[in-house]
Every structure is written in C-alpha cells, then in structure tokens.
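By convention in this document, chain letters (A, B, ...) are assigned in the order of the sequence lines, proteins followed by strands, and residues within each chain are numbered from 1.
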Amino acid sequence: MQKVSVIGLDKIKGRLIARMMDLEAVELTDQTEKLSEEFWSENTVQDGAQDQVTYFEGKIAHASQALDIIDQYGELKSPLFKTRRIITREEADSIPSKEIETEDIIAKLISLNDELRSKRDEINRLDVDSIMLEPWTAYDVPLDQSSTETVTTIMGVLPVAYEVNKAEEAVKVVTERYVMKQVNEDKTMRYLAFLIPKDSEQEVQQALKDEGFQPLELQRFEGTVTENIQKNSQKRLKLQEEIDSVLSEIKELAAEKPHIEDYQDILTIELDKKKTRSKLLKTKKTFYMEGWVPEGKIEQVRELLDANDCYYEFRDPEEGEEVPVLLKNNKFVEPIEAVTEMYSLPAYGSIDPTSIFSIWYIIFFGLMFSDAGYGLLMIIVCSVVLKKYNLEGTMYKMLKGFLYCGVSTFFWGAMFGSWFGDLVSVVSSTFFGKEIAIKPILFDPLSNPMPLLIASIALGVAHLFLALGIAGYKLLKQGKLFDFICDIVLWYATVAGLILWLAGSAIGPTATTIGKYVSIIAIVGLALTGGRDRKGFGKVIGGFSNVYDITSWLSDIMSYARIMALGLATGAIAQVVNTIGTLAGGGVKGAILFIIVFLLGHTLNFGINVIGAFIHSARLQFVEFFGKFYEDGGEPFAPLKKNTKYIKIENQ
Amino acid sequence: MLTDGNGLALIGAAIAACAGCGSGMGVGIAGQAAAGVVASDPKKFGRTLLLQALPGTQGIYGVVIAFLIFVKTGFLSGGAVDLTVTQGLYFLAAGIPIGVVGFASGIGQGRAAASALQLMAKRQDQMGKGIVYTVMVETYAIFAFVVSILIWSNITL
C-alpha cells in the first residue's frame with residue numbers, strides 16, 4: 001500500500017471520482033483531522049454535498065420500499081443464488097433516461113401499498129364492529145332510533161361476575177319508570193338494554209357504572225343490528241375484491257422489478273460519489289484528497305491523475321499509521337481466503353497465511369469427510385453452480401473452495417474404500433445376491449482405525465512444525481538469532497526428541513536413546529531460557545512455565561485426532577444408513593425402503609459432516625496453526641467502487 | 001444367566017448412544033438462542049443453523065461407537081458371536097467414555113453456541129471467532145471418542 005495525496009482543480013472533481021470508482025483502486029481517507037491544524041483550517045474547508053446526499057438517500061429509500069413491496073406481493077420466484085446482471089456501459093448510461101418512468105412506477109407501487117394497507121385496516125374495523133354487534137341480533141329496533149323526545153335507551157354489557165338484580169335495583173333508586181331487557185347472555189357477559197326517561201340519563205348511567213355495567217355506543221349505527229351485520233359483510237366482500245385487484249396490479253408491476261433495481265443501483269453509485277465528497281478538503285477552486293492505493297494499481301492511478309492534470313505525491317505508510325489490508329494470492333489459493341477472512345485479516349505487513357495453509361485445509365477437509373461418493377457429489381454440485389451462476393466475492397470463493405475440498409474428499413474416500421459408505425457391497429448382496437465390494441486403495445479405517453489415528457497425529461506434528469517454522473522465520477527476519485534458538489530450535493528438539501523417545505522403538509533402540517538425550521537437553525534449555533526477559537525469581541517461574549508448555553504442545557498435537565474421529569463418523573453413519581435401508585430385505589418393497597432411507601439418511605449425513613469437516617479443518621488452522629505465529633487485526637481495504645447490488649457494469 | 005457377554009456389550013452400546021442426550025440438550029439450548037437472533041433478523045437463519053448444528057456431533061460419535069460395537073459383535077447381521085463376560089465388559093468399557101463425556105460436552109457446547117449466536121447477532125463479522133469458541137468444547141468429546149475407538153479396536157474376539 002502507498003498513500004497518495006492529490007491536489008486538483010475543482011471542476012474535474014466529479015469526473016475524477018467517477019473514474020476512481022471504475023478503477024476500484026483508491027480508498028480515500030477522512031481529512032477532518034487536518035482541519036485542526038492552523039494551515040489547513042485557514043486555507044481549506046471540508047467539502048461535502050449534504051443536501052444532495054439527503055436527496056439521493058430519499059430516492060433510494062423509495063426505490064427499496066418499492067422493491068420490498070414487489071418481494072412481498074409480487075409472487076416472483078427468487079433464484080437460489082443471487083447474482084448481479086452484467087450490463088454494458090451504454091446500457092448503464094441509458095438508465096437515467098428512464099428516470100421519470102421508473103419514478104412513476106415506484107410512486108405507483110407505494111400508493112398501491114398504502115391503498116392496500118388502508119383497505120385492510122377498513123376490513124379490520126368492519127370485523128371488529130360485526131363482532132361487537134353479533135350478540136345484539138335479538139334487539140330488532142333500528143339502533144339510530146333508540147331515543148325519542150322524552151325517552152332514551154342505554155345499551156351495554158354486564159360481566160357475569162355482577163348480578164343483574166343489583167343493576168336493576170340501582171336503576172330503580174334513580175327512577176321508577178324504566179324497562180330493562182336482557183338481550184343476550186354468554187360465558188362472560190350479559191347484554192342489557194334499559195329504556196329510561198331522558199332527563200335521568202346521566203344519573204342512571206352513573207348508578208349502572210357503579211354496579212359494573214359498561215355502556216356501548218351502539219347509537220352510531222344506522223338501522224337494525226342484523227342490517228348492519230349484513231351491510232358489513234357486503235362491504236367486506238367488496239373491499240376484499242378491491243384488495244385483490246390492487247394485488248393483481250402490484251403483480252403486474254412486478255415485471256418492472258429489474259428496472260427499479262437498475263435505477264436503485266445507479267442512484268447508489270451517485271450517492272456514493274456525493275458521500276465521498278465529505279472526505280475531501282477544498283478551497284475556492286481546488287480540492288485536496290488522500291487515499292491508500294495497493295502496489296499493483298499505482299501505475300493505473302498515476303495515469304488517471306496525469307490525465308486529469310492533478311498534482312500528486314505517493315509515499316510509503318508511516319510508522320503507526322492504520323493501513324488497510326488487501327490479500328493478494330494466486331488463483332489457486334484465492335478461494336481459501338474466505339477461511340482467512342472468517343478468522344480475521346492479517347495485520348498490515350505481516351504474513352498472509354492463506355497460501356501456506358490452504359493445501360493443509362484441503363487435505364484435512366478431505367480426510368474428515370473422506371467419502372468418494374460425497375466427494376463426487378460436491379464436485380458435481382460446485383461445478384454446475386459455478387458454471388451456471390455468475391457468482392462473485394465470498395460466495396464464489398466458498399464454492400470454489402468446496403470444489404477443491406470435494407476433490408480431496410473424493411481422493412481420500414477412494415483411498416479408504418468408502419463410496420456412500422459400503423453402498424456397493426450392501427446393494428449387491430441384498431438385491432443381487434452376490435457381494436461385490438470396492439476394495440480400499442490404502443486401508444479401511446472402520447475395521448482398523450489405528451493407522452488413520454497415527455497418520456492424523458503425524459500430519460498434525462508436521463502442520464505444527466510448519467507453523468513453528470514460520471514463527472522462526474519471523475524472528476530471523478527481525479535479526480533475533482538468540483530468540484530463534486530459544487523459542488524455535490529448542491521446541492523443535494523437545495517435541496521431536498520426545499516423539500522419538502516414546503515411539504522410536506519402532507525404528508530401533510538407537511532412535512530411542514537419541515530421542516531421550518535430545519529431549520532432555522532441550523528441556524533443560526527450555527527451563528534455563530524461559531525466564532530470560534525477567535529478573536530474579538521471575539527467571540525460575542519463566543523457566544518452569546516454559547517447560548510446562550509441553551502440555552500445551554501435547555494438547556495441540558492430540559487435537560489432530562479429530563481428523564480420524566470425523567473421518568470415521570462419516571463412514572460409520574453412512575454404513576448405519578445403508579444397514580437400516582436393507583432391513584426390509586430384497587425385492588420391490590425392500591428397494592423402495594432402501595431408496596427412501598438412502599436419500600434421507602445420506603442427505604442428513606452429508607449435511608452434518610460437511611459442516612463438521614468445514615469447521616474442524618478451519619479450527620485446526622485457527623487455533624493450532626495460527627496460534628504459533630499469526631498476527632491478525634487488519635482492516636480490509638475498501639476502495640471507492642460501485643457498490644451495486646443488482647447490476648455489474650462492464651468496464652471497457 | 002444374569003449377565004452374559006453379549007448383554008454387557010449391548011449395555012456398552014446403549015451407554016455410548018446416550019451421548020445423544022448431551023447433543024439434544026445442547027442443540028436445544030443453541031436453538032433457543034438462534035430463534036431469538038432470527039426474530040430480529042430473519043436473514044441470519046442460515047448462519048444460526050450452522051451454529052445450532054455444532055453441538056450435534058457428540059450424538060453422532062455416540063451412534064458411531066454403538067454401531068461399531070454392533071458390527072463387531074455381529075448384533076445387526078444376526079450372527080451374534082457368543083462373548084465371554086470379560087469381552088462383554090471390554091465392550092461396555094468402550095461405550096462409557098463417549099457416552100459420559102459426550103453428554104457433558106454436548107451441553108457445554110450448546111451453551112457456548114448460544115453465546116456465539118449472541119455474538120453473531122451483534123457483530124456478524126466476528127462469527128468465525130464464535131465458532132472457534134464453540135468448537136473448543138468439542139475437543140474433549142473427540143478425545144473421549146478416540147479413547148472409545150482405541151478400546152473397541154483392541155478387543156480381540
């Protein structure tokens with residue numbers, strides 16, 4: 001990365017930013033800090049286009065609201081993988097010319113949605129009314145005619161917990177001239193109507209309330225209860241029809257989805273251009289900007305700046321500056337970057353481990369999944385998807401990575417003779433009465449797991465030694481020879497010596513003896529040098545804890561036993577599935593059961609174990625491998641670019 | 001007879017399969033947390049599913065050991081071998097490590113997965129670390145599984 005500072009004329013600013021977006025080569029940095037310095041604050045001000053930013057943000061919000069509406073009601077099928085449509089620059093340039101039409105469609109969609117919502121609210125209101133009126137059907141007086149000059153009706157409910165007699169008596173206390181009628185009764189309420197003189201209405205209301213009576217405002221309805229309910233259901237039907245027609249209108253407009261998407265993306269590009277302006281400083285006629293440019297793109301940026309008559313300067317990052325990180329790997333290793341990114345990017349200037357661990361990742365994955373059938377399946381699925389869809393970014397890396405892992409899975413599966421478990425021999429013996437078995441090329445770990453366990457541990461030791469080697473390389477590069485000997489060489493000697501001492505008998509007694517002495521000397525060395533940076537008693541503690549670290553090496557090494565464990569799990573579950581499938585024996589019935597069990601069982605086994613292999617081989621990198629040397633914490637390089645969701649504009 | 005070799009071997013397989021209890025509880029704990037995360041952001045469903053599945057492996061290891069015991073004793077193929085009581089005890093011993101450790105480890109991993117889900121809800125970019133925390137727990141189930149395998153593979157009939 002290099003930092004570029006640019007001064008140019010204000011009038012070319014827009015064009016320059018647009019071209020930088022095409023290049024995807026510059027990450028502009030914020031300049032507000034500079035304004036605290038006198039020189040800058042006297043001569044420049046922060047650039048920006050806040051009103052335009054707000055303008056575009058509003059339009060984008062509308063467009064995305066319209067897209068949401070289409071997604072919700074448009075009944076369009078969404079593809080399995082979302083990919084960006086590739087369009088030419090001419091096509092992209094023609095999008096703004098359709099602005100008025102597209103805005104119309106967006107406005108139409110939003111108003112249709114509002115209409116839909118208000119109609120649905122209306123239906124809700126009608127339903128609530130109908131539910132309220134339902135118990136009153138026996139009351140056949142038109143509701144709006146419930147009072148005359150001298151008489152009025154109070155209608156309402158009395159919870160069953162209260163007594164009707166008491167309510168009636170309360171009314172009686174106020175006035176002797178009344179009629180009470182219980183219209184209906186259900187589990188929770190009694191529905192009462194009181195006919196009373198108009199002049200005592202207030203008092204009666206109060207007296208009834210004290211007895212738990214809740215009056216209802218039913219006088220607002222015109223006509224009888226039954227009429228109202230009928231009217232409501234008719235209105236409801238009509239509204240429902242209207243809603244259906246609104247929905248079908250939205251469905252028709254759904255065909256315009258691509259246009260709205262194009263439009264939203266174009267707006268986003270414009271918005272980003274305007275937003276970027278706040279990172280610039282300006283005078284009356286010039287602007288100033290700074291940004292990071294990765295090594296490989298410096299020439300392109302130079303050309304661009306020259307073409308626009310800018311004054312510019314490139315420089316290396318200064319000590320302590322936060323530099324963004326861009327991983328650079330060859331085509332083969334690139335997909336595995338997704339695994340590195342899942343952990344955390346390396347700090348700027350430190351080692352990118354992707355190219356080193358990618359092959360290990362693929363081997364571990366294959367050993368853990370280890371079934372030729374599943375491997376073939378992965379290869380086919382990934383190849384088809386990669387061919388059919390124009391995937392980008394992490395999704396592309398993932399699938400490409402899985403393709404490699406599929407190859408590895410296939411390879412190890414064939415080595416261990418696992419093709420959908422023992423599918424071939426089970427099918428041949430159950431349905432054809434003759435057992436044909438595919439022989440493993442190496443050995444069958446299910447009947448003899450020890451070699452796989454030993455291989456797993458051995459691979460683990462090699463993997464760890466490689467990590468230790470990288471740590472050593474870093475120390476040597478810094479010129480710390482003594483640290484290299486204490487922290488790296490002594491550990492190599494200790495671990496290798498201990499392994500020889502414990503397992504060397506297979507080679508011969510000399511190996512054991514060599515191992516014994518090497519490891520003893522190395523451990524003494526560890527004890528002596530462990531506390532070299534500390535003083536006094538700390539030296540003893542440092543030495544002791546250094547020796548104690550042998551246990552962490554032990555646990556790191558043992559951790560690789562998971563390769564065997566997951567490998568066995570895949571094969572064993574596959575066999576379980578096949579065994580269950582044959583429980584009904586041969587024949588047509590047996591075949592049907594077998595096919596069902598095969599599909600369900602192997603799908604499940606595939607799903608669970610592919611997750612297991614993916615995660616556990618990542619873990620072996622993250623915890624065991626990275627733990628020895630990796631410095632993480634880099635911020636990803638985020639260049640100025642077209643952040644489009646739906647379209648990808650071809651650069652010519 | 002009160003105890004014979006085959007019975008003991010089957011008890012061993014049954015104990016191994018009990019690792020599934022731990023997985024069941026673990027997946028349940030993680031599932032509750034996952035539902036909470038998806039409630040606020042349905043797009044995270046796929047990712048939550050990944051974390052929820054993590055505590056499921058203990059149960060698988062248990063079934064694998066049980067199955068291996070079935071295969072070696074000929075229980076499934078019908079041609080059951082007559083085991084001595086000692087051989088039966090060996091098979092029983094093979095079932096215990098994964099059964100017991102898988103049980104505890106499954107629950108622990110479920111809790112870690114639930115916390116990792118919370119982490120993911122707040123900071124999606126940190127999901128990888130959440131997974132690492134969760135997978136740490138599984139190491140012990142794997143060790144137990146390896147011990148079970150070692151015992152099982154060294155039983156001579």
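Residue-environment remark: OH (B:Tyr140) stays at or below the threshold of 12 foreign heavy atoms within 6.0 Å. Atom OH of A:Tyr396 has 12 or fewer heavy atoms from other residues, nucleotides or ligands within 6.0 Å.
If you measure heavy-atom distances from B:Val132 to chain A, the contacts under 4.5 Å come from the side chain alone. Contacts between A:Arg562 and chain B at a heavy-atom distance below 4.5 Å involve backbone atoms as well as side-chain atoms. Using a 4.5 Å cut-off between heavy atoms, B:Phe143 contacts chain A through its side chain alone, with no backbone atom that close. Both the backbone and the side chain of A:Val576 come within less than 4.5 Å of a heavy atom of chain B. Of the atoms belonging to A:Glu341, not a single heavy atom falls under 4.5 Å from chain B. Interface remark: B:Leu54 contributes side-chain atoms only to the contact with chain A (heavy atom separation under 4.5 Å). Contact of A:Leu446 with chain B is made through backbone and side chain together, with heavy-atom distances under 4.5 Å.
A distance below 6.0 Å separates the ring centres of A:His463 and A:Phe364. For A:Phe420 and A:Phe598, the distance between ring centers is under 6.0 angstrom. The distance between the ring centers of A:Phe369 and A:Phe606 falls below 6.0 angstrom.
Taking A:Ala618, A:Gly571, A:Ala565 one by one and counting their heavy-atom pairs under 4.5 Å with chain B, the maximum is reached by A:Ala565. Of the listed residues B:Met136, B:Gln126, B:Lys72, the one with more heavy-atom pairs under 4.5 angstrom with chain A than any other is B:Met136.
In this structure, the separation between CZ on A:Phe622 and CD1 on B:Ile131 is 8.0 Å, given to the nearest 0.5 Å. Atom CD of B:Gln52 is separated from atom OG1 of B:Thr134 by 12.5 Å, given to the nearest 0.5 angstrom.
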